Amino acid sequence: MTDASANTATGLYATDAHVRKRNAAEKRFRLYGLAAVCVGILALIVLMTSILGNGVSAFRQTYVTLNVELLEAKLDKNGNRNIDDIKKVSTFGYAPLIQTAVEAAIAENGIAIDGLTGKEAGGIISKEAAAQLRNFVIANPDAIGTTVEFDVLANAQIDGYFKGRVDRADAELLKTVSPVQLDLSDALLEAGVLRTKFNTAFITAPDASDNRPEAAGLGVAILGSFYMMIVVLVLALPIGVAASIYLEEFAPKNRWTDLIEVNISNLAAVPSIVFGILGLAIFINFAGLPQSAPIVGGLVLTLMTLPTIIIATRAALKAVPPSIRDAALGVGASKMQAVFHHVLPLAAPGILTGTIIGLAQALGETAPLLLIGMVAFVREYPAGPPEGFFDPASALPVQVYNWTQRADAALVERASGAIIVLLVFLLAMNVAAIILRRRFERRW
Amino acid sequence: MPILWLLLIVLALGAIGYMLGVRRAVASAGGDARKLHSLPSYYGSNVFLATVIPALMLMGAWLLLQPVVIEAQISPLITAEAEASERSPDLVLADVRRLADGLNDLHAQNVLDDAEIRRLNAGRDDVREMLGQVGIALGADVAQPVLDGARDYRNLWARYSLAMTIVVLGAAALGFIAAIRNTHVEFRARNVVERAIKALLILASTIAILTTVGIVMSMLLETRNFFGQYNWTDFFFGTTWAPSFSGRGGASELGILPLLWGTLYISFIALIVAVPVGLFAAIYLSEYAGPKMRAWAKPAIEVLAGIPTIVYGLFALITLGPMLRDYFAQPLGLGDSSASVMTAGLVMGIMLIPFVSSLSDDIINAVPQSMRDGSLGLGATKSETIKQVVVPAALPGIVGAVLLAASRAIGETMIVVLGAGAAAKISGNPFEAMTTVTVKIVSQLTGDTDFASPETLVAFALGLTLFVLTLGLNILALYVVRKYREQYE
């Protein structure tokens with residue numbers, strides 16, 4: 001009770017100092033709450049902007065259009081188009097052809113730059129171009145002796161120059177690019193021979209070595225992740241649904257069932273790296289499965305996704321009203337028939353949503369895949385299923401990690417670009433889950 | 001016969017059995033399916049399950065045991081060679097297996113046929129070069145005992161595979177015949193099939209237990225190996241982490257304390273960021289925000305939860321780390337590394353905000369409205385109601401949420417791998433690079449060290465410590481919630 005002698009103007013409409021303090025505290029508290037929400041949303045915006053800002057440039061790449069004369073004298077000395085002889089010419093043999101083509105392009109467009117040597121002219125082209133030419137010639141030996149137009153990659157520093165990573169001051173200091181080469185590139189850009197265009201090879205090409213980061217792509221990683229998602233879907237969904245049906249519909253209330261339930265909720269909270277250790281110890285050491293294979297990654301991710309699917313399926317099964325079960329039993333169905341023919345189809349939308357969310361979580365997991373050996377640099381595509389599941393492959397998040405470990409500015413940009421691809425996949429899966437839920441959800 | 005073909009044959013046999021079973025059941029009822037005890041499809045399923053399940057289980061068990069049995073049979077030869085060449089038996093076994101695979105490849109590519117493989121002599125033929133031609137690289141020339149071992153391995157494998165094919169097909173056929181003979185009108189097929197399906201459901205449920213058992217056993221065994229090579233008191237109480245990369249054991253110092261310090265420090269900073277922000281956000285969204293704001297703000301914060309941790313790690317590495325170093329650490333003279341405890345802690349805190357927020361939101365919503373109304377009726381302002389009535393009522397749940405968030409922070413890997421650096425030290429400066437348990441697990445298991453050395457085995461000991469720690473926190477959270485939770489109506 002307020003002390004009657006201390007205060008004067010107390011009444012219902014006149015606020016005294018104490019009430020004013022309380023109201024001020026109320027306003028402050030509300031402000032703290034709003035500030036907290038804003039901090040969360042601001043963090044999201046900063047994160048997204050930073051990733052997008054760093055990664056968008058990975059989707060464009062600098063290409064040079066060259067008319068390369070495939071000299072028979074250099075590529076097929078015997079002149080009999082023998083594939084084995086042609087294969088003997090290594091990429092070293094193709095490099096002079098590229099240099100000649102660049103010099104021809106310079107002369108054709110009337111570009112004159114002081115102090116430009118032939119070697120520097122050829123040096124603006126990526127080393128990947130020689131491999132590209134060689135693969136073309138092996139596939140089309142009849143083209144030897146003709147002049148073919150190729151779109152070849154410019155090397156990483158030239159590409160960086162056009163993306164703003166490398167400027168003239170850097171060019172003075174770096175050994176890999178000189179200011180003269182930058183001048184040449186500018187001139188070629190004006191002549192229309194060189195341009196920066198959308199880089200589909202980023203999504204389809206395999207990874208590349210440190211000599212040619214401009215050729216690195218996500219093809220192997222996307223395929224590996226896709227295989228792993230297939231394994232997770234094929235294994236985790238039936239096992240998860242079967243376990244949930246048992247626990248929800250058939251399990252008696254005894255200690256064994258309690259143990260299973262405790263285990264499942266514990267597994268949902270175990271750090272992902274422990275699953276990686278499990279995969280290493282059991283799937284690779286004990287069972288002898290190949291390292292870095294999608295099947296091992298898929299098995300480890302299955303074990304991680306199982307608790308998520310079980311929890312979602314149980315919630316979906318619980319949401320089906322008992323009247324459905326009773327009605328089915330009432331017309332003479334057995335318990336199992338009631339569950340499989342009536343309850344399960346009605347719970348299917350919820351199960352599907354839970355599975356998609358579980359798959360989305362599995363797609364972004366990195367730590368367990370690192371431990372099963374997926375850190376390796378993989379250059380060949382895995383074969384088609386089912387042998388492809390046992391070939392070495394990579395995964396999207398692991399490829400990002402791999403690229404950040406090889407500190408090259410071009411690769412860091414690609415790591416951000418890969419994250420954009422990953423986030424696009426995740427967004428698509430989550431939106432699909434939300435749409436499915438809205439479309440098929442029933443309110444009982 | 002390749003395993004895939006065997007699988008397909010058994011499944012095909014099961015499918016034929018299904019059709020035969022249905023037809024036979026209807027025939028035995030004189031064409032009238034209503035006279036049967038169960039639907040005709042159950043008679044078919046009965047034959048299918050009797051054919052497929054015993055055969056597949058036999059095949060699974062055989063495939064698991066076959067390598068073990070073969071290796072036991074060639075082990076006298078292995079130990080003899082191991083002693084003769086002074087290598088460990090595991091290495092010799094690995095060589096034998098690789099050579100056997102190589103011989104299989106040579107046979108499959110028609111470079112050598114069986115007779116030539118039998119006549120191979122390590123002293124006379126250059127086996128290593130032959131294998132190089134089919135793309136198998138061996139580190140050293142092939143010794144005669146290893147070649148013999150590989151040949152024995154191949155022969156035993158072929159013989160056992162043949163035996164497996166016969167046994168599996170026999171089991172499938174037996175099941176087929178037994179089930180077909182059972183198919184007549186009096187047979188209660190539905191009960192049998194449902195019992196079988198129930199057994200399969202129970203099997204699926206036990207996979208959760210098998211996983212936990214697998215996790216514990218795999219780490220326990222290797223940890224025991226580790227403690228056989230390194231003193232456990234030095235591991236748990238040592239304050240230096242300095243693995244040596246040359247030789248075994250002796251020169252490495254593998255103490256867990258610096259790693260635990262880094263883990264706890266980073267988690268502490270993460271919780272300092274996440275708990276106030278998450279809790280206040282949950283309070284605002286559930287008590288103050290209107291439905292429109294709640295409709296978009298809550299999903300926006302949930303999006304933070306769905307982002308993979310590698311994205312946070314990359315953000316820490318290329319954006320936040322350099323920013324903190326340039327604007328805070330260097331001007332203050334506290335350090336010049338972009339990977340630091342502060343970087344990883346801040347980013348981990350951002351990751352945990354939706355975790356704390358959504359758990360607290362559920363708990364705060366569970367407090368009954370009557371308590372809020374009572375408090376407001378006594379004249380409290382809304383913030384006083386929240387501070388003095390709602391939050392204390394929800395406190396056990398909130399404490400549980402904080403403990404779960406702490407457990408998540410301790411087990412996090414990618415953010416600390418990319419954001420916290422690899423230097424193991426005990427220091428109070430948050431702008432220095434300090435490493436954690438999870439970073440070291442990754443670095444010890446993805447390095448090039450020999451698998452049986454203590455430097456690699458320590459990762460299992462670290463993993464077990466991490467597992468026990470997070471399990472303890474989870475159980476503590478469950479206990480706190482269960483014991484102190486008020487059950488309102």
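Naming: A, B, ... by sequence-line order, numbering from 1 per chain. On a predicted model such as this, the values are computed, not experimentally measured, just so you know.
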Which answer fits A:I419, side chain, backbone, both or neither, if we ask what part of it has an atom under 4.5 Å from a heavy atom of chain B? side chain
Does atom NZ (B:K198) have a neighbourhood of more than 12 heavy atoms from anything else shown, all under 6.0 Å? no
Honestly, the part of A:V46 sitting under 4.5 Å from a heavy atom of chain B is both
Pair B:F280-A:F29, ring-ring contact (aromatic ring centres under 6.0 Å, His included): steps then yes or no: CA-CA 9 Å; B:F280 270 104; A:F29 192 79; 5.4 Å; yes
Please look at A:S265 and chain B and tell me whether the side chain, the backbone, both or neither of the residue comes under 4.5 angstrom of a heavy atom of that chain. neither
Heavy-atom distances under 4.5 Å only: say whether A:L427 touches chain B with side chain, backbone, both or neither. neither
Could you look at A:E365 and say if it's the side chain, the backbone, both or neither that has a heavy atom under 4.5 Å from chain B? neither
Side chain proximity check, B:M414 to A:L370, heavy atoms < 4.5 angstrom: yes
Region of A:I282 in contact with chain B, defined by heavy-atom distances below 4.5 Å: side chain
Is it true that A:R22 and B:E384 have a side-chain N and a carboxylate O under 4.0 angstrom from each other? yes
Could you check whether any side-chain heavy atom of B:I310 comes within less than 4.5 Å of a side-chain heavy atom of A:L396, counting everything from C-beta outward? no
Which answer fits A:L363, side chain, backbone, both or neither, if we ask what part of it has an atom under 4.5 Å from a heavy atom of chain B? neither
Considering heavy atoms only, which positions within residues 210-218 of chain B lie below 4.5 Å of chain A? B:T211, B:T212, B:G214, B:I215, B:S218
Does any non-hydrogen side-chain atom of A:Q337 lie less than 4.5 Å from one of B:Y42? yes
Part of B:L478 within contact of chain A (heavy atom distance under 4.5 Å): neither
With a 4.5 Å limit on heavy-atom distance, are the side chains of B:P308 and A:L426 in contact? yes
Select one option (side chain, backbone, both, neither) describing which atoms of B:L418 are under 4.5 Å from chain A's heavy atoms. side chain
Pick whichever of B:I353, B:L63, B:N474 has the most heavy-atom pairs under 4.5 Å with chain A. B:N474
Please look at B:L471 and chain A and tell me whether the side chain, the backbone, both or neither of the residue comes under 4.5 angstrom of a heavy atom of that chain. side chain
Is it the backbone or the side chain of B:L314 that comes under 4.5 Å from a heavy atom of chain A, or both, or neither? side chain
Counting only non-hydrogen atoms closer than 4.5 Å, does A:L306 touch chain B with its backbone (N, CA, C, O), its side chain (CB onward), both, or neither? side chain
Counting only non-hydrogen atoms closer than 4.5 Å, does A:L303 touch chain B with its backbone (N, CA, C, O), its side chain (CB onward), both, or neither? side chain
